[in-house]
Structure formats: structure tokens, C-alpha cells
Protein chains: 2
Amino acid sequence: MRNAEFDRQEVLRGAMRAFLVKGYAKTSMQDLTKATGLHPGSIYCAFENKKGLLLAAISQYHDDRSRQFESLFNNDNNPLENLKRYFNNIVQECLSCDATQACLLTKALSEVGEQDEDISQLIHANLFAWQTAIEQVLDKAKSLDLINKQESTQTQAQYLMMGIYGLRTFGHTHPNEEVLQPLADKLLNSLL
Amino acid sequence: MRNAEFDRQEVLRGAMRAFLVKGYAKTSMQDLTKATGLHPGSIYCAFENKKGLLLAAISQYHDDRSRQFESLFNNDNNPLENLKRYFNNIVQECLSCDATQACLLTKALSEVGEQDEDISQLIHANLFAWQTAIEQVLDKAKSLDLINKQESTQTQAQYLMMGIYGLRTFGHTHPNEEVLQPLADKLLNSLL
DNA sequence: AACTTAATTGAATGATCATTCAAGTAGTTT
DNA sequence: AAACTACTTGAATGATCATTCAATTAAGTT
């Protein structure tokens, strides 16, 4: 036996960045060897092919984002304040104009989601998990009487997801705090 | 002299559809000869190159959508009802699960907007024109006391744009009328 | 009717692509 | 220490890519 020499997480984060900057189709295996530090043969040995590398990178992205999400929400702070911080984070990512900080799930969904069943399925599952996590935060907020309890948690969570997707897209054309922050605030206020 | 034999609009609509289905990078010139009915040489003669064809297709998309927009709003109907019809149209396009009915502006922006200045500029200009058109509808609605006049028209229009972007993305994962219609309604209600 | 000019045609071109593979390397097991 | 197994290496492969171009066709002009 012999173990892989590379750090799988770092390799996947490199691939992630490459896909985020150039998009899936435009990112060549040559780009990926640079971004990952791996030779072509090693990539094929570890991830089967280019699509396998994308799938693994998407999973890594989801893991990283989930950890970030938990660190923001798995505490005893006011859930509404946590949510506010979360939205402000997203606004800041938009303002950075750094492709590397975009959402790989929606980016890949838009480019290849309709074309490939495997990719589509993985992204759907990850986005669904994300929605469930938001629902849990909203339920916590409801138990503390912080938000409107008339509307279904599911619809509220879906509305927030929709808003985040939209905010990120809108941020591409208006990377401007005075524009994005009010939109994020308005989105949050829709919960009250 | 000799005029082009092809119908420029139909050629561009064919290219549009190809780009919407496969994405820009994945659409080959071979795909485009099939989609447009033109031979490679004719495409290069008329549009310079593949990127030129995308730029022309984006312009055609914007023209077509603008005409659709005007036919919906350039009348004496209740502007809020027009807006409601407009949103319902978008929901129906999401439900169709037809890549051909997606938004070429946001799709191209997501895939190549960050990579190419020319494409980015054209899309930004078209999206800005779109936002201005929505602002005019909102001003008309305000003059009839149909929506909230406290909030700035610009912010309201931006919020709707953001919502439409988000709705279209969310529609990819939930092509379901019972899900999308309430989100569209909630978006419109934010104007009141 | 002859000339001019531009569009059309489709095969050819060279670049780049994802992928393969045989040789080399180094841990692990016996 | 010998054998085994799996990872690494990077050049080679064949396919596909965007683009070019010389020949052909036909409309507009004189």
C-alpha cells in the first residue's frame, strides 16, 4: 500500500477556485493541474475524470460552507442577529468582486445543471440541505417570537434562498454597499 | 453588391437557443452551424467570430424581451395587474423546464461575465435598461396610489430585479407552481 | 450584357482539449 | 530485504475545437 501524497481538501479547494473563476467547460485539465498541483494521471487516479473532480469539488464546497454556517448559527445568540450577520457576510462577498467567493452550487447549476444528471442531483441535494438548515434557524427564531409565525417556515426559507440567489446575481452588476445592503435588509424584514 | 440570404433575426434566435441549452463554452461552432443554418464562413463573415455571435444574440434577446415587455406594459391597464401578469409569465417559464425560456442575460453573465469585458458591458447595459423600464412601471403605479410611495422607486425596482433573478434560479430546483407562485406573490406584495 | 462586389461554401489548418498509459517511485507487508 | 501494491509522472494520443481561405455563386451597378 501507499497513501496519496497530496492533501485532498486543498486539492479540491484549488479545483473549486479554478471552476469558480473560469467556469467548468472553460477550465482545462491544464488549468486544473496548475490549480491542484497534481499531474493529469494523479487527477484521473483520484477522481476518475474532470467531471469527477467537479463533483468532488462541489462536495468540498458544501462541506466548507456547512462548517461556516454552523459556526454562525450553532450558538446561543439571537437567531435573528445571526441571520443578519449571515446576510451581511453575503453582501461583503458580493462587494469583494472576487469570483472565488461566489456560490459554486448556483454557478455550476446554471452552467451544467440542465445538461448532466449526476451534477444536477448533487447540487439539488446540497441546496436542499441548505434550505433545511435555514428552516431550523427560522423555527428557532419562531420559538423565541422573533419573526412572523403566520407564514410557513418552508415558504419563508424558500423566500430567503431565492433572495440570496438573486442578491448574488444582482451583486455582479451592482457591487455597491449602498445598493446591496438595503436589499439584504429588506429581505430579512420580510420575515417580520 | 449582394445582400445576405439569411434572416438575421432567425439566425440570432437559433444561436440564442443553442447558447441557452449548452452554455457559451460548450456550444461548438458545429452546434452553431446547425442551430443557425449558416456555414462557418458565413458566420465569421457576418459576426466576426463566436464571441461576436454571442454579442449579437444577446442584443437580439434583449430586443425580443423588450418588445414583450412593452406589449405587457404599454397599455392603460392597471400597472399592478400588468406587473402581476409579468411575474406569472416568469413563473410559467420556470415551470416549463425549457432551457430555451431561461434568461440569456443572467446565464451569460454567470458563465462569462467576469471573464470578458465586452460581454460584461453589453449585459450590464441591457440589465440597466430593464431596471429603468421597471422603474417607469413603478412610478406609474405610484401616481395611481397603487403601491408604497415611501420607499424609493429605485430600491423597489432593484428588489424586484433581485427577486426575478432569484426566482429563476430557484425555479431550477423547484419547478413547482405551488412553490414558485407564492414566492412571486410575496415579491409583489413587498411593493405595498 | 458585362463588371464589380460581397456572400456562400466546405474542406483544410493548427491549436487545444480530455484522457491514457507505461515507466518510475515509494510506502507497506512478508 | 525482498516482494507487493498503489501513487506519481509526463509524454503521447486521438478527438474536437475555433478559425481561415480559395473557389464559387449571385445580386447590384454601369
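Chain identifiers are assigned alphabetically (A, B, ...) following the order of the sequence lines, protein sequences preceding nucleic acid strands; residue numbering begins at 1 within each chain. These figures come from a predicted structure and were not determined experimentally.
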Taking side chain to side chain donor-acceptor pair (under 3.5 Å) as the cut-off, I'd like each qualifying pair that reaches into residues 76-86 of chain A, sequence neighbours left out, listed once. A:N75-A:N82, A:N82-A:R85, A:Y86-A:W130
Here the residues of residues 48-56 of chain B within 4.0 Å heavy-atom distance, strictly under, of DNA chain D are B:N49, B:K50
Considering only residues two or more places apart or on different chains, which pairs with a residue in residues 89-117 of chain A satisfy ring-ring contact (aromatic ring centres under 6.0 Å, His included)? none
Nucleic acid contacts - residues 15-46 of chain A versus DNA chain C, non-hydrogen atoms under 4.0 Å: A:T27, A:S28, A:M29, A:Q30, A:P40, A:G41, A:Y44
Rounded to the nearest Å, what distance is computed from the CZ atom of residue A:F47 to the C1' atom of nucleotide D:dC7? 13 Å
List in chain and number order the residues that pass salt bridge (Lys or Arg N to Asp or Glu O under 4.0 Å) with A:E70, two or more places apart in sequence or in another chain; answer none if no residue qualifies. none
Would you please name every residue forming a side chain to side chain donor-acceptor pair (under 3.5 Å) with A:Y61, sequence neighbours left out? A:R65
Strictly by side chain to side chain donor-acceptor pair (under 3.5 Å), give each pair with a member in residues 159-175 of chain B just once, sequence neighbours left out. A:E114-B:H172, A:Y159-B:Y159, B:E93-B:R168
With sequence neighbours excluded, what pairs up with A:D118 under the side chain to side chain donor-acceptor pair (under 3.5 Å) test? A:K51
Judged by modelled atom types alone, do B:K186 and A:Q158 share a side-chain donor-acceptor pair under 3.5 Å? no
Please collect all side chain to side chain donor-acceptor pair (under 3.5 Å) contacts where either partner lies in residues 11-26 of chain B, sequence neighbours excluded, each pair once. B:Q9-B:R13, B:E10-B:R13, B:R13-B:D64, B:K22-B:D31
